[in-house]
**Q** 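One structure, pasted below without further comment.
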Amino acid sequence: MRYGFVGTGELTAAIVTGLCAGVADPPEVLLSPRGRSVGAELASRFPSVRVGADNAEVVHGSDVIILAVRPPLAGEVLAGLAFRPEQLVISALAGVPLARLRELAPTAGDLVRAIPLPQAAQRQSLTALHPDQPAARALFERVGDVIIADTEPALDAMSAATATFAAHLDQLATISGWLADHGLAADRSAGGDAAGAGPRADPAPRIGGMITAQ
């Protein structure tokens with residue numbers, strides 16, 4: 001299975017790092033030349049990663065294509081790319097519905113929307129998907145956990161909720177620092193507990209669980 005990424009920014013870097021770092025048999029990854037410095041850095045770190053000459057090469061040479069460009073650029077970037085019916089296209093384009101994706105990639109096979117998180121780099125992402133699809137689920141289970149949104153509006157609600165994560169984590173860091181300044185050990189103040197949750201336990205999966213409970 002070869003994964004191709006159209007768009008090479010921070011999110012792509014996180015997913016590729018999670019797929020390849022410390023993995024005995026990492027997948028082949030083909031990166032878009034967009035974001036050349038990011039792509040070059042990833043290719044230098046991981047032997048299974050290389051940068052394509054252009055987006056057409058990425059699409060031609062991949063089994064699963066992950067779209068990770070900024071949504072306003074999607075039409076321009078995807079124009080003229082020849083997707084094949086056997087290819088899975090996974091979109092990480094926030095706010096772009098499946099109907100619009102089908103217009104942008106009319107010849108592709110399955111289309112899936114995904115909301116991966118930067119914690120993919122540590123294989124701790126909680127990635128929301130719609131619809132459920134085996135190859136998409138397998139990809140994101142390699143970099144964390146997966147939750148399935150039953151409907152597209154439910155996925156959009158999860159997407160809106162993830163926009164609050166950065167502010168929430170900043171608030172936790174501020175509280176942690178304040179408690180540490182007042183004598184509480186940093187590992188306790190950042191989310192660890194005496195029961196063994198571990199120091200600086202990442203709150204993102206717990207936040208994601210709260211979303212699915214709504």
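Values below: all heavy atoms of this structure, side chains included; hydrogens, waters and symmetry mates excluded.
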**Q** Hey, does Arg84 have a side-chain heavy atom less than 4.5 Å from the side chain of His60?
**A**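 His60 reaches Arg84 side chain to side chain.
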**Q** Please say yes or no: joined through hydrophobic side-chain contacts below 4.5 Å, possibly via intermediate residues, are Val49 and Phe140 part of one cluster?
**A**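 Same hydrophobic cluster.
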**Q** Is Phe5 linked to Leu78 within one hydrophobic cluster, defined over Ile, Leu, Val, Met, Phe, Trp and Tyr using a side-chain heavy-atom separation of less than 4.5 Å?
**A**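 No; Leu78 is not reachable from Phe5 via cluster members.
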**Q** Is there a path of hydrophobic side-chain contacts, each under 4.5 Å between heavy atoms, that joins Leu98 and Val112?
**A**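 Shared cluster, no.
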**Q** Looking at Glu10, I'd like to know if its CD atom is crowded, meaning that more than 12 non-hydrogen atoms belonging to other residues, nucleotides or ligands lie closer than 6.0 Å.
**A**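 No, the 6.0 Å shell around CD holds no more than 12 heavy atoms from other groups.
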**Q** Can you tell me how far the CG atom of Leu101 sits from the CG atom of Leu93, to the nearest 0.5 Å?
**A**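 With rounding to 0.5 Å, CG (Leu101) is 6.0 Å from CG (Leu93).
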**Q** Please report the closest heavy-atom contact between Ala53 and Pro33, naming both atoms and the distance.
**A**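 Reported closest heavy-atom pair: O-CG, 3.6 Å.
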**Q** Return the minimal non-hydrogen interatomic distance between Ser32 and Asn55, and the atom names on each side.
**A**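 Taking Ser32 first and Asn55 second, the nearest heavy atoms are OG-OD1, 2.7 Å.
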**Q** Among Val58, Val38, Leu42, whose side chain to side chain contact (heavy atoms under 4.5 Å, CB included) with Leu31 holds?
**A**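 Of the listed residues Val58, Val38, Leu42, the side chain to side chain contact (heavy atoms under 4.5 Å, CB included) partner of Leu31 is Leu42.
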**Q** A quick test of your reading: do over 12 heavy atoms of other residues, nucleotides or ligands sit less than 6.0 Å from CZ of Arg45?
**A**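 Counting neighbours around CZ of Arg45, more than 12 heavy atoms of other residues, nucleotides or ligands fall under 6.0 Å, so yes.
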**Q** Hydrophobic cluster membership, with links at side-chain heavy-atom distances under 4.5 Å among I/L/V/M/F/W/Y: are Leu30 and Phe83 in one?
**A**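 Leu30 and Phe83: one cluster.
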**Q** Taking the side chain from Arg113 and the backbone from Val96, do they hold a donor-acceptor pair closer than 3.5 Å?
**A**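 Side chain of Arg113 to backbone of Val96, a donor-acceptor pair under 3.5 Å: yes, one is there.
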**Q** Which atom pair, heavy atoms only, marks the closest approach of His130 to Ala149?
**A**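 Minimum heavy-atom contact is ND1-O, 2.8 Å.
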**Q** Quick one, Ile65 and Leu88 - any side-chain contact, counting heavy atoms below 4.5 Å?
**A**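 Result no, sub-4.5 Å side-chain heavy-atom pair not found.
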**Q** Say whether, by atom type as modelled, one donor and one acceptor occur between the side chain of Gln133 and the main chain of Ala135 under 3.5 angstrom.
**A**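 The answer is yes, because a donor-acceptor pair under 3.5 Å joins these two groups.
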**Q** Is the shortest heavy-atom distance from the side chain of Arg2 to the side chain of Ser62 under 4.5 Å?
**A**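 Answer yes - side chains close enough.
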**Q** Which heavy-atom pair separates Ala94 from Pro71 by the least distance, and what is that distance?
**A**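 So the minimum-distance heavy-atom pair works out to O-CG, 3.5 Å.
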**Q** Is any side-chain heavy atom of Val146 closer than 4.5 Å to a side-chain heavy atom of Leu126?
**A**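 Side chain of Val146 against side chain of Leu126, heavy atoms only: no contact under 4.5 Å found.
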**Q** Go through Val59 and Gln87 one step at a time and tell me if the side-chain contact (heavy atoms from CB on, under 4.5 Å) criterion holds.
**A** CA-CA 9 Å; Val59 171; Gln87 288 176 312; 4.0 Å; yes
**Q** State, to 0.1 Å, how close Val69 and Val6 come at their nearest heavy-atom pair, and which atoms those are.
**A**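 Between these two residues, the closest heavy atoms are CG1-O, 3.4 Å.
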**Q** I'd like to know if the side chain of Ser159 and the backbone of Leu155 have a donor-acceptor N/O pair within less than 3.5 Å.
**A**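 Looks like no, no N/O pair under 3.5 Å.
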**Q** Would you say the side chain of Ile15 lies within less than 4.5 Å of the side chain of Tyr3, judging by non-hydrogen atoms?
**A**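 Not in contact.
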**Q** Test Ile66 against Thr12 for side-chain contact (heavy atoms from CB on, under 4.5 Å), laying out the working first.
**A** CA-CA 9 Å; Ile66 299 91; Thr12 292; 5.9 Å; no
**Q** Pick one: which of Val89, Leu104, Ile90 meets side chain to side chain contact (heavy atoms under 4.5 Å, CB included) with Leu67?
**A**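 Among the candidates, only Val89 passes.
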**Q** Does a side-chain heavy-atom distance below 4.5 Å link Leu179 with Asp181?
**A**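 When only atoms from C-beta onward are counted, Asp181 and Leu179 do not touch, as no gap falls below 4.5 Å.
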**Q** If we only count heavy atoms from C-beta on, is the Asp145 to Ser125 side-chain gap below 4.5 Å?
**A**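 No, every pair of side-chain atoms sits at 4.5 Å or beyond.
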**Q** Is any NZ, NE, NH1 or NH2 atom of the basic residue among Arg123 and Glu141 found under 4.0 Å from an Asp or Glu carboxylate oxygen of the other?
**A**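 Salt bridge between Arg123 and Glu141, a charged N being under 4.0 Å from a carboxylate O: no.
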**Q** Give the cluster check for Leu111 versus Val77: same hydrophobic cluster or not, with ILVMFWY residues linked at side-chain heavy-atom distances below 4.5 Å.
**A**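 Linked, Leu111 and Val77 end up in one cluster.
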**Q** Minimum heavy-atom separation for Ala138 and Arg142, please, with both atom names.
**A**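 Looking at all heavy atoms of both residues, the closest pair is O-CG, 3.2 Å.
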